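In what follows, every chain begins at residue 1, and chains take the letters A, B, ... in the order their sequences are listed. Computed from a predicted structure; not experimentally measured.
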Amino acid sequence: MNQQNSTATREHLKPPVTEIGVLGWIRQNLFNSWFNSLLTVLALYGLYMTIPPLFKWAFADSLWFGSPDACRDIDGACWSIIPSNARFIFFGFFPEDQQWRPLTAMILLFVLVFHTQNRRSWNRALFPIWTCGLVVMGWLMHGGLGLPVVETAKWSGLPLTLMLSLFGMVGAYPLGILLALGRRSKLPAIHSLCVLYIELIRGVPLISMLFMSSIMFPLFLPEGINIDKVLRAQVAIILFTAAYIAEVVRGGLQAIPKGQYEAADSLGLNYGQAMRLIILPQALKIVIPPSVGILISAFKDTSLVVIIALYDVLKTTKVTLSNPEWMGFSSEAYLSLALLYFIFCYAMSSYSRKLEKALHTGH
Amino acid sequence: MPSAVPFWRDPKKRAIVFQIVILLLVFGIAYVLFSNTQANLRRQSIATGFGFLKAESGFEIGESVIPYSSADTYGRALLAGALNTLKVSFIGIVLTTILGVFIGIARLSHNWLVSRLASVFIEVMQNIPVLLQLFFWYAIFYEAFPAPRQALNPLPGIFLCNRGLILAVPASHPAHLPMLIALFAALASWWLLARWARRLQDLTGRTFPVVRVGLSLCLLLPALVWLAYGAPTALDVPVLRGFNFQGGVTVSPEFGALLIGLVLYTSAFVAEIVRAGIQAVTRGQIEAAMSIGLRPAQVLRLVVMPQALRVIIPPLTSQMLNLTKNSSLAIAIGFADFVSVANTTINQTGQAIEGVALIMAVYLCFSLSTSLFMNWYNKKMALVER
Amino acid sequence: MADKRIKQTPSNTDRSIIEIIGMHKWYGEFHVLSDINLRVQEKERIVICGPSGSGKSTLIRCINRLEEHQRGRIIVDGIELTNDIKNIEKVRAEVGMVFQHFNLFPHLTIMENLTLGPIWVRKMPKQEAEETAMMYLKKVKIAEQAKKYPGQLSGGQQQRVAIARSLCMSPRVMLFDEPTSALDPEMIKEVLDVMIDLAREGMTMLVVSHEMGFAKSVADRVLFMDDGQIVEENNPHDFFDNPRHERTKLFLSQIL
């Protein structure tokens, strides 16, 4: 039986109308079986019960700029707690007339981050640009050389959160790389020390490290030498994050094919050169996405310094709430702060996903 | 014969020298820190050693699984704290697994609405610090819920107020222990039934509805015992006396906020892990299983889940460990977990080193046992390859 | 050339084992299969070829309902494929499929891979299932690997196991979706040999493949598909020596 379909007269048929377009999408994605239809109905009902009252509370009945007394008269949310206390929540105890300094430092940070996220700027200039940037930020925050000095005890609010995360990451990365290399070392003493450190730190909660830093560090130092609280907490965060970075970098090192190590050796490069020129550049590129994940965690974890009475942006918010005038508006304050954290973290994680896809196709 | 290599060029000898130098450095630093510490402790007249564990503590603990009062020792206080940590971790892990699996599967649903809602939940919960979530839920208890006198009463026997969630529970009765024994007996028979059913299937090919029968047994046997004791229905109902409730069981705001915050936060990560695990099973596997004629439930049970679980279990145990570590944040909302009690102990005795060491030791125990389990599981389950 | 061909007369039953009548399939707006009409007799061996994207894999995947068709009828062994789940399961038990990427279950041994279907779908006792499995493993010449796991076997070995796995369900029709495309060249022959043995024993086969040597020596009919339609259909001798359509000629010139 020979079937011949003339190619010229192919019938131009349209698919059944319930399969395509909006109707088709609705049918396939929301109602394609009785179970799914039930789920859709339940979900819509649940949304109907929760979204409109929430909307009413948050927007219709709410007050955005007003006094606390006016707030108590309304049923809705009192968002004015944020604008009225913005200076304190964001800058904490930093002297008011000098608050342009942390503001400038933060803007500088955002500019640097924005520049770095564009992969086209990934060249040799990036490292010195960041170093200069960090030095300038440090100078703006601390003072000296023309600017009045502000002790670290007064650094608080959002700049403190950003700094703890940023310097935490910057300090932890080199240490993490060393630990990863040490863990992969064949020398038993080095290997054991690194394994001991990494497993110990990864096994304990950050809070214990922060306790250690705030209570135990003063005991470690000889009499008379005092390191201030912020620096102690920063060291604890660095030591903690380094262990996690070490594991991630170790994964990257393991992913490099053995042939690369062998090629480096056969060129006559010593250990340091092989690592610096051949292995680490490749390994670090592989671990960029999980490193961003660690940065996100570090950013979230800075909130723990509340417990050792450092005034990061979470603590300043809490202090605002303990003001008798603004008592009782916890939900509004916490939700706004949650939004802030969410925007930062979601931006970072989206970037990380985008990066992972882009780097993967490059292989 | 090869000439002798000068020792500073011999890689083996260099390695040894390098290690000796590093060890000297590390131990040197350790020694300096140690002697500083001793001097400081002496200067501040702080005791050393763990003798304080036998001393009277002098402080109360908000809630405790074991009986405890301020006349008991620090040792007992720390034990109560550790049990509280275990309590919140255990319940938290169970709830997180259930919620996380549910949301992970929802995320994969063909229903766009359900999948999007799950996705929103995951993104929001993952990107907000857990401590902030704890503060939020704790504040809800304190600000949104009224005083006991005006407590919310959504269902008979359930009260919500700023002292917590107060539930009516069955009054203690001699029937309870036999009922528990009956439940264990039912579980044991379920296990035996499963073994018998498997052998039946091997021999004859017929399948037996083990799950249905097993579940029925678990419901039926305790129910029969309950009837045998005269079907006791007495409830311990909370009653408002004065300013507070008496009777029933109270879930304190601290415990409730801690549990809710930890479960919501961790379940978002578990959901992603479950999703990744199920997606790791390639479509081809499902097609091959279907083309042999297996039904969807069988495909799930025999082909998808065994492969998905291998991918899910290791990161899942990490998250369980994270939940346990995060429970240490209880100190920020006043729940008496181990860190919280240890902190009070440190404040009162001044013995920071012993206190922090205890905290780290306890959590290290949790971590090491989890690592051991994971290593064992990975070895057992690794797919055999060339 | 005739002596090289394995001659089997397809049995002359009134009812074809597979009937596809006026079948159309769309992916969204894309018309992937257009007016497919095909009748397959028992013991017939059909090879389907064509450029990638022509819909040939989609066509055979519609036969065991791994893909759904929107218009037309597909009838397998008297059972029509509709949304009725019972019919779908009956059809799948009668139709065996071999995939390009083997799709063996990595967490089960070879033996367990083969006995999974018989035990759970045909409700066979374990011993009987294992005896059947052993018989088919011997047939594809891989009996000694029964206790191994798929990850320990080469590609050619895995594909032979996949064929045995489908055979354990005693199907009436075997579908092959580019069975040798993912194999290294030296392993293609061992798989083709198994398929030739199968054809010799009278199995009804639909094979999507680029292996023209196989088509020439085994097939009763060769179909050429392009752009979702069956463009040309003929016995192998006439198909390769006297192609009628321009598109067929173009395709053959590219691959031969």
Side-chain angles (χ1 to χ4, degrees), chain A residues 25 28-33 35-36 39-40 43-44 46-47 186-190 193 199-200 202-208 211-212 215-216 218-223 296 299-304 306-307 314 318 321 327-331 333-335 337-338 341-346 348-349, chain B residues 15-16 18-20 22-23 26 32-34 36-37 39-41 43-44 46 109-115 117 123-124 126-133 135-136 138-140 142-144 321 324-329 331-332 339 342-343 346 352-353 355-356 359-360 363-364 366-368 371:
Chain A
W25 183 88
Q28 272 158 16
N29 287 299
L30 294 177
F31 293 106
N32 63 348
S33 74
F35 181 65
N36 262 342
L39 280 180
T40 306
L44 285 173
L47 286 174
K186 294 197 190 55
L187 307 178
I190 312 285
L193 279 176
E199 293 305 318
L200 185 77
R202 279 165 56 96
V204 299
L206 176 57
I207 192 77
S208 62
F211 275 169
M212 197 174 85
I215 311 177
M216 276 170 71
L219 291 173
F220 288 160
L221 300 167
E223 198 179 331
I296 298 174
F299 183 70
K300 287 189 293 184
D301 286 341
T302 56
S303 56
L304 265 69
V306 167
I307 301 181
L314 180 57
K318 271 206 111 197
L321 285 170
M327 247 178 169
F329 297 120
S330 303
S331 321
Y334 288 142
L335 282 173
L337 193 58
Y341 272 111
F342 179 77
I343 293 175
F344 276 95
C345 295
Y346 186 71
M348 286 193 274
S349 57
Chain B
I16 295 182
F18 183 62
Q19 291 179 76
I20 293 181
I22 296 280
L23 284 174
V26 169
V32 167
L33 293 178
F34 184 66
N36 278 338
T37 311
N40 281 325
L41 287 176
R43 203 167 41 83
Q44 296 175 30
I46 299 178
S109 165
H110 287 302
N111 187 321
W112 179 87
L113 196 61
V114 169
S115 150
L117 285 174
E123 287 300 336
V124 168
Q126 278 189 343
N127 286 314
I128 300 177
V130 63
L131 187 57
L132 177 54
Q133 295 191 34
F135 282 154
F136 178 77
Y138 193 52
I140 292 274
Y142 264 106
E143 288 174 13
L321 189 60
T324 311
K325 286 195 281 181
N326 279 335
S327 71
S328 60
L329 297 177
I331 185 175
V339 171
N343 185 46
I346 293 176
I353 300 184
V356 174
I359 294 176
M360 291 189 165
Y363 280 96
L364 271 176
F366 291 141
S367 310
L368 285 175
S371 289

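- Remark: the backbone N or O of A:L221 is not paired with any side-chain donor or acceptor of B:N36 at under 3.5 angstrom.
- Note that CD1 of B:I359 is 6.5 Å distant from OG of A:S208, once rounded to the nearest 0.5 Å.
- To the nearest 0.5 Å, atoms CG (A:L200) and OH (B:Y363) are separated by 15.0 Å.
- To the nearest 0.5 Å, atoms CD1 (B:I16) and CG (A:L187) are separated by 9.5 Å.
- Among the candidates B:S367, B:A15, B:P129, the residue making the largest number of heavy-atom pairs closer than 4.5 Å to chain A is B:P129.
- Note: B:W112 CH2 to A:L39 CG = 14.5 Å, rounded to the nearest 0.5 Å.
- Residues meeting the side chain to side chain donor-acceptor pair (under 3.5 Å) test with B:N343, sequence neighbours left out: none.
- A donor-acceptor pair under 3.5 Å is absent between the side-chain atoms of B:N40 and the main chain of A:P222, judged by distance alone.
- Of the atoms belonging to B:F366, not a single heavy atom falls under 4.5 Å from chain A.
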**OP:** Decide yes or no on side chain to side chain contact (heavy atoms under 4.5 Å, CB included) for B:F18 and A:I190, but give the supporting numbers first.
**Re:** CA-CA 9 Å; B:F18 183 62; A:I190 312 285; 4.0 Å; yes

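- With hydrogens and angles disregarded, a donor-acceptor distance shorter than 3.5 Å links the side chain of A:K300 to the backbone of B:Q126.
- The contact between A:L47 and chain B is made entirely by side chain atoms (from C-beta outward), counting heavy-atom distances below 4.5 Å.
- Both the backbone and the side chain of B:L113 come within contact range of chain A, with heavy atoms under 4.5 Å apart.
- Ranked by heavy-atom pairs under 4.5 Å with chain B, the first of A:P205, A:P218, A:A338, A:C345 is A:P205.
- In this structure, chain A has no heavy atom under 4.5 Å from any part of B:T324.
- Of the two parts of B:I353, the backbone and the side chain both hold a non-hydrogen atom closer than 4.5 Å to a non-hydrogen atom of chain A.
- The greatest number of non-hydrogen atom pairs below 4.5 Å with chain A, out of B:V130, B:L33, B:L132, is found for B:L132.
- Annotation: maximal heavy-atom pairing with chain B below 4.5 Å, among A:G328, A:S303, A:A43, occurs at A:G328.
- Note: B:I128 CD1 to A:L335 CG = 8.0 Å, rounded to the nearest 0.5 Å.
- Proximity to chain B (any heavy atom under 4.5 Å) is shown, for A:K186, by neither the backbone nor the side chain.
- In this structure, B:K325 contributes its side chain and A:I207 its backbone to no donor-acceptor pair below 3.5 Å.
- Residue B:L117 touches chain A through its side chain alone, counting heavy-atom pairs closer than 4.5 Å.
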Subject >> Residue pair B:L329, A:I307: steps toward the side chain to side chain contact (heavy atoms under 4.5 Å, CB included) verdict >> reply: CA-CA 8 Å; B:L329 297 177; A:I307 301 181; 3.9 Å; yes

Original post:
What's the verdict on side chain to side chain contact (heavy atoms under 4.5 Å, CB included) for A:S331 and B:F136, showing C-alpha distance, side-chain angles and the deciding distance?
Top reply: CA-CA 6 Å; A:S331 321; B:F136 178 77; 4.2 Å; yes

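- For the pair B:N127 (side chain) and A:F342 (backbone), a donor-acceptor distance under 3.5 Å is absent.
- Across every non-hydrogen atom of A:E199 and B:L364, the tightest pair is O-CD2, 4.0 Å.
- Ranking B:A332, B:S328, B:S327, B:S115 against chain A, the residue ahead of the rest is B:S328, based on heavy-atom pairs under 4.5 Å.
- With sequence neighbours left out, B:Q133 forms a side chain to side chain donor-acceptor pair (under 3.5 Å) with no residue at all.
- Interface remark: B:I331 contributes side-chain atoms only to the contact with chain A (heavy atom separation under 4.5 Å).
- With hydrogens and angles disregarded, a donor-acceptor distance shorter than 3.5 Å links the side chain of B:E143 to the backbone of A:S330.
- For B:V124, the parts lying under 4.5 angstrom from a heavy atom of chain A are both the backbone and the side chain.
- Taking CG from B:N111 and CG from A:N36, the interatomic distance works out to 4.5 Å, rounded to the nearest 0.5 Å.
- No other option in A:L314, A:I296, A:I215 has as many heavy-atom pairs under 4.5 Å with chain B as A:L314.
- The part of B:I22 that comes within reach of chain A is its side chain, from C-beta onward, which places non-hydrogen atoms under 4.5 angstrom from that chain.
- When heavy atoms are compared at a cutoff of 4.5 Å, B:A39 does not approach chain A at all.
- With a threshold of 4.5 angstrom between heavy atoms, B:I346 approaches chain A through side-chain atoms but not through N, CA, C or O.
- For the options A:F211, A:F344, A:F35, heavy-atom pairs under 4.5 Å to chain B are most numerous at A:F211.
- Counting heavy atoms from C-beta outward, B:V32 and A:F220 have side chains that stay 4.5 Å or more apart.
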